[in-house]
Trainee: 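This is the structure, below, for whatever I ask next.
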Amino acid sequence: MSSMSHVYVLISDGHEEVRQSAELLINAEPDLSVCALAASGPELIELAKRHRPKVIAGDLHLPDFDPAERIRELKKELPAAELVIFADERTERVVGQLFAAGAKSLIRTDEAPQFLVAAIRAAAQGKTFLTPTVSNILFARFLEKGARIDQPDRSKLTSREREIIELICDGKTNKAIGSGLEISTRTVETHRAAVMRKVGVSSTAHLVRYAIRNGLIEA
Amino acid sequence: MPLRIVLADDHRLVRAGVRALLEKIRLGEVIAEAGDGREALELVAAHQPDIVLLDIGMPNLNGLDAIDRIKKGSPETKVIILSMHANEEYVVRALRSGVSGYLIKDSAVDELERAIHSVAAGQTYLSKRISKPTIQAYLSNTNRIYAPLDELTPRQREVLQLIGEGKNTKEIADLLGVSIKTVEAHRLRLMRRLGIHDLPGLVRFAIRTGLVSAET
């Protein structure tokens, strides 16, 4: 497209291999170039201010809790940059919020070989790009709950809930947790179920994985 | 004739990147792509490629535990590990299993071409980022490294990986084509061997030792 000027892209992702692969793909396009690679949130800000990229692509180091809030912060701090987010199951759950916060595209990394380049070109022109996966999610939610797709589905964990997660991860039984906290086993069971619902996991093993991923415990 | 290459990595983005790189250096042709260790076994056995580029951290069956079985199913295929990690335990385990090359992903852009050349010529290629004296010391039996995962049989490691990924007993049984009872027996034995007696402990151990990642 000769009408489009050259687009500089900052790749900002926590995974080295994702950064490397995205760089190879983007640099293979004549109208796109990677200007810098950032491996962390602070690096993203620093490099974006130095290179002033048109598009920033990657997981953008979004936190599990309220990733949309982080997008709003980024848009405030770097108003000229358009954001293309590499999604996972966690960010997909809040896709509506992310778009509302100002993201231009949400792409699973396994779809990136197909769609990344198109999403970046669209973002560079200020346009939204929807992959089929994201369109399906949005449409399903739309059918489910009308237009309320930007509704948050998780709130912050309370300190009691975090405490219970830690004890579960230490391998403690409900009974042991109950006597440690001086509450009934039944109450522990209720807490446990509530915590799992809140963080969106369906088994103890996944709860442990969640806790490690989010720094609640060390492996 | 171009080299026939199978590419095994759980990230499609990585596979696309490596494929783009291979096309640029024109050394071979990617004839199939696998997204996990089990798929890699099947595709290598089916295609008998010259080279398989194998990631370590893959779901269902990790690259390190796939090497032996790949070599069994396709003895002529050369294995090049394409890893995130230069850690010695992995390198030593890979070399003991008979790999022909070991590359670190972030230097793959610079080294892949040379690695493929060397391996195709029957040599072993280790990334420049790996300390060769250290590896040699480890490979000689006088200086064995302590690797807790070595306490387990390959089958037990396989089961532990699947537990660490959050799969339940039924899912593991289906994946391995064995009964639930058999999986339970494996789990009991590996718990005894590791001295870990609860599920959260197993998941944490699998993540701590790098057998699985806490990321999805």
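Keep in mind it's a predicted model, so treat the numbers as computed, not measured. Every chain is numbered from 1, with letters handed out A, B, ... down the list of sequences.
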Trainee: Looking at every non-hydrogen atom in both residues, tell me the closest pair between A:A205 and B:G166 and how far apart they are.
Mentor: CB-CA, 3.8 Å
Trainee: Answer yes or no: are there more than 12 heavy-atom neighbours, outside B:K132 itself, under 6.0 Å from its atom NZ?
Mentor: yes
Trainee: Find the one option among A:V201, A:D170, A:T173 whose heavy-atom pairs under 4.5 Å with chain B are most numerous.
Mentor: A:D170
Trainee: Are side-chain heavy atoms of A:R209 and B:V212 found at a separation under 4.5 Å?
Mentor: yes
Trainee: Would you mind reporting whether B:M84 and A:E16 have side-chain heavy atoms less than 4.5 Å apart?
Mentor: yes
Trainee: Can you find a heavy atom in the side chain of A:C169 that is under 4.5 Å from one in the side chain of B:R204?
Mentor: yes
Trainee: Only pairs of heavy atoms separated by less than 4.5 Å count here; which of B:D198, B:D55, B:I196 has the most with chain A?
Mentor: B:D198
Trainee: Can you tell me how far apart NE2 (A:H15) and CG (B:L13) are? Round to the nearest 0.5 Å.
Mentor: 11.5 Å
Trainee: Using 0.5 Å steps for rounding, measure from the NZ atom of B:K167 to the NE2 atom of A:H206.
Mentor: 7.5 Å
Trainee: Assess the residue pair B:K105 and A:Q20 against the criterion (side-chain contact (heavy atoms from CB on, under 4.5 Å)); give the C-alpha distance rounded to whole Å, side-chain angles, the decisive distance to 0.1 Å, and a yes or no.
Mentor: CA-CA 8 Å; B:K105 274 181 185 162; A:Q20 298 272 339; 5.8 Å; no
Trainee: Any chance you could measure A:I217, atom CD1, to B:I207, atom CD1, to the nearest 0.5 Å?
Mentor: 8.0 Å
Trainee: How many angstroms lie between CG in B:L21 and OG in A:S21, if you round to the nearest 0.5 Å?
Mentor: 10.0 Å
Trainee: Checking heavy atoms, do the side chain of B:L82, its backbone, both or neither come under 4.5 Å from chain A?
Mentor: neither
Trainee: On a heavy-atom basis, which atom in A:L24 and which in B:V18 lie closest, and how many Å separate them?
Mentor: CD1-N, 4.4 Å
Trainee: Taking C-beta and beyond as the side chain, do B:R12 and A:Q114 meet within less than 4.5 Å on heavy atoms?
Mentor: yes
Trainee: NZ of B:K24 to CG of A:N27: how many Å apart, nearest 0.5 Å?
Mentor: 7.5 Å
Trainee: Under 4.5 Å between any side-chain heavy atoms of B:P200 and A:T204, yes or no?
Mentor: yes
